[in-house]
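Quick caveat, the model's predicted, so the values are computed rather than measured. Residue numbers begin at 1 in each chain, while the letters A, B, ... track the order of the sequences. Scope of the values below: all heavy atoms of this structure, side chains included, with no hydrogens, waters or symmetry mates.
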Amino acid sequence: MSFLAPYQVTTSQTYGGQPLELTHAEDFDFPLVVQVRYQDAETWESLDADVFQLANQSISRWPTLARAFQIIASENAESEMLGEIAFRFVRLSESQSTESSNTKSAIEAIRFLRPIVPSYDEYSASTPELQELVGLKPETVYEAQVVRDEDRSIGVIPAQEAYRSAKPAEDSATGDNTDDSQASKERSL
Amino acid sequence: MIERIWHDWQSFWFQPGEVRRIIYVRVAICLWAAIWFGSFLPNVGTWFGETGILDSSMASLMIDYEGYARWQLWSPLWFLPSTGGITVFLCTGIVVSLIAALGIGGRLSLAALLLFALSLTHRIVWLIGLAEPALVAFVAYLMVEPGPPLLSKLSRPRTSPWAQTTLRLLQTHWWILIAAGVLSQMADLIWWRGDAIWWLASAQRSVLLSPEWLYRHPLQANALTHGFVCIELLTLWLITIRSTRWIGITLGVIALAGIGLLADQLLYASLMLCPLIAYASDLGPEVATD
């Protein structure tokens, strides 16, 4: 019956589809926020909704996918899936910026944040200072630096040690590159 | 005893019925499929284009991660990686849905719709939500007895045991999905405690509800949560009894409005409205068993 496996997941919950019960109030239920940091800027900002109408919208299909990536991140910190999706966010954002002649500088870093989702009691801490005091702050699920070559190809290097996938001892046996920078996923833009 | 059970079983699934009862539910499901195909059009390049988030290489990675063989998730869309190709596919899917809604081609047009729906479902991999598996099942059920074309609605009545089978399959699948949802809710403390609606609003997953309003009106948050579950339970009970079915259908519409508007699962909720037509179609005059 294994060939029927794709059809046995009738509620799509294997990799994080919206649950039938709508919410468990688990962390996974809350869609990730995608933020980028541009070169010469010190603050993070959410992707521009005008240029990029996919992420950061609760009614889009992004929450379904974001839920899956949160589950993967919690199960396997070394999974490259997050790097792959981060790379595509950067690539898409920059290609759309180019198409719309956006004057913003290039993206230097990208991160996925699990936003603050306060309980009823925590909601009374409405100011950022109070939220900090009670330990309410967005959690970084994944963060990566964006690197570029002279030929405009881009890649991402996980900023968190846990997400770096290079394993020098194993890779040297197969003759693969071992440097972290080499392990970044480089693609032509 | 056994004879009675067997008779009831036959009567439930195969009692000959008027095939025109299928028309409305078929039109509703096929129109929904057209909307579903169309819902991908505004962001088709963002999702599936050459530089999209779910380009074919990313989708392949997801399939590999799941451990499925590629052939299991067959789709012509794997050979159409461009935005233009996928746009053409989606537009063709809309046309096929409309043809199936009209009833032109009968099972053939429904089979084509099923292939298009499966192809897109396989390509979007982890983007599938609650609606897609239900759509595939509903279209497959319609193939059992598609009913006459829409334009021949006034033609001579025709009865078939498969009309009853189709309606029963749709009704049973709908009932099981709603029951599974409400049982899952009842397995979770937040739905008993009364703060599930709060969490939906707090996570910005409900356009209709704001945390500010719910924070000032905690009783309403509690009432909405418990009321939601109660309405679902009442729907499941009353819709199975013929004499109270209209009440059950009305409550079902209210429950689905909750799923669509309180939890922003509008696509799923609107698809689940379609089998309610199958319940309503079943309320016509009974046809005597041969």
Side chain, backbone, both or neither: which part of B:A196 has an atom under 4.5 Å from a heavy atom of chain A?
both
Do side-chain atoms of B:S56 reach the backbone of B:W78 as a donor and acceptor pair under 3.5 angstrom?
no
Check: A:R88/B:S57 side-chain N/O donor and acceptor closer than 3.5 Å:
yes
Are the side chains of B:L256 and B:I259 in contact, using a 4.5 Å heavy-atom criterion?
yes
Counting only heavy atoms closer than 4.5 Å, note whether B:E212 contacts chain A via side chain, backbone, both or neither.
both
If I measure from the heavy atoms of chain A, does B:L183 come under 4.5 Å with its side chain, its backbone, both, or neither?
neither
Are A:S153 and A:R148 linked by a side-chain donor-acceptor pair shorter than 3.5 Å?
no
Can you tell me which of B:A221, B:S39, B:A69 forms the most heavy-atom pairs within a distance under 4.5 Å of chain A?
B:S39
